[in-house]
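Structure first, commentary second.
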Amino acid sequence: MKHPSDNSFSERRKSAESARRQLIAKFESAPKPTDPVMQERLAAREAVASARTARRAERDAMKAVENDRLLREAAALAEVAEAHHRAEAEARQLEANNRIARVVADEAARKAERDRRYAARKARRA
């Protein structure tokens, strides 16, 4: 509120009093909580709040369902990956066993060939 510098104390006090009266009049003319208009507004606010709560609950339920679905998918993918790793490990173990078996078979064949040559050499000398 602007106060010109030539206002006296009584004029400033009167203007403050009139401003106070206008403020009081504004609050007195405001609708009371028991007014039907205010009751309607309150009911509308409560309806909006309950609808908001219902939407939030629905959203939370949808998120929970989605999270459960994602967890099930992740578990299924982990199971598939575990089966794949297990199959790869079994294949590696089988390959290693086959390699060992071939090495043992080759060694046995070499030994048998050496023994045959040795026996043939003994037979020629005898």
So CZ of R99 and CG of L94: to nearest 0.5 Å the spacing works out to 11.0 Å

Interatomic distance, CZ@R110 vs CD@E107, rounded to 0.5 Å, equals 4.5 Å

Decide salt bridge (Lys or Arg N to Asp or Glu O under 4.0 Å) for R116 and E113; before the verdict, give the C-alpha distance in whole Å, the side-chain angles of both, and the deciding distance to 0.1 Å.
CA-CA 5 Å; R116 186 193 60 75; E113 178 64 24; 2.3 Å; yes

To the nearest 0.5 Å, atom CZ of R20 lies from atom CZ of R13 at 10.0 Å

Margin query: Just checking E58: does its CD atom have more than 12 heavy atoms from other residues, nucleotides or ligands closer to it than 6.0 angstrom?
Written below: no

Notebook entry, point to check: Near E79 CD, under 6.0 Å, is it more than 12 heavy atoms from other residues, nucleotides or ligands?
Noted result: no

Interatomic distance, CD@Q93 vs CZ@R86, rounded to 0.5 Å, equals 15.0 Å

field: Lys/Arg-Asp/Glu bridge criterion (N-O < 4.0 Å) met for K14, E17
entry: no

The reported gap from NZ in K111 to CG in D106 (rounded to nearest 0.5 angstrom) is 14.5 Å

Distance col, row K63:NZ vs R56:CZ, nearest 0.5 angstrom, shows 10.0 Å

Note, V65 side chain near R69 side chain (heavy atom, < 4.5 Å):
no

Any chance NZ of K32 has more than 12 other-residue heavy atoms, nucleotides or ligands included, within less than 6.0 Å? yes

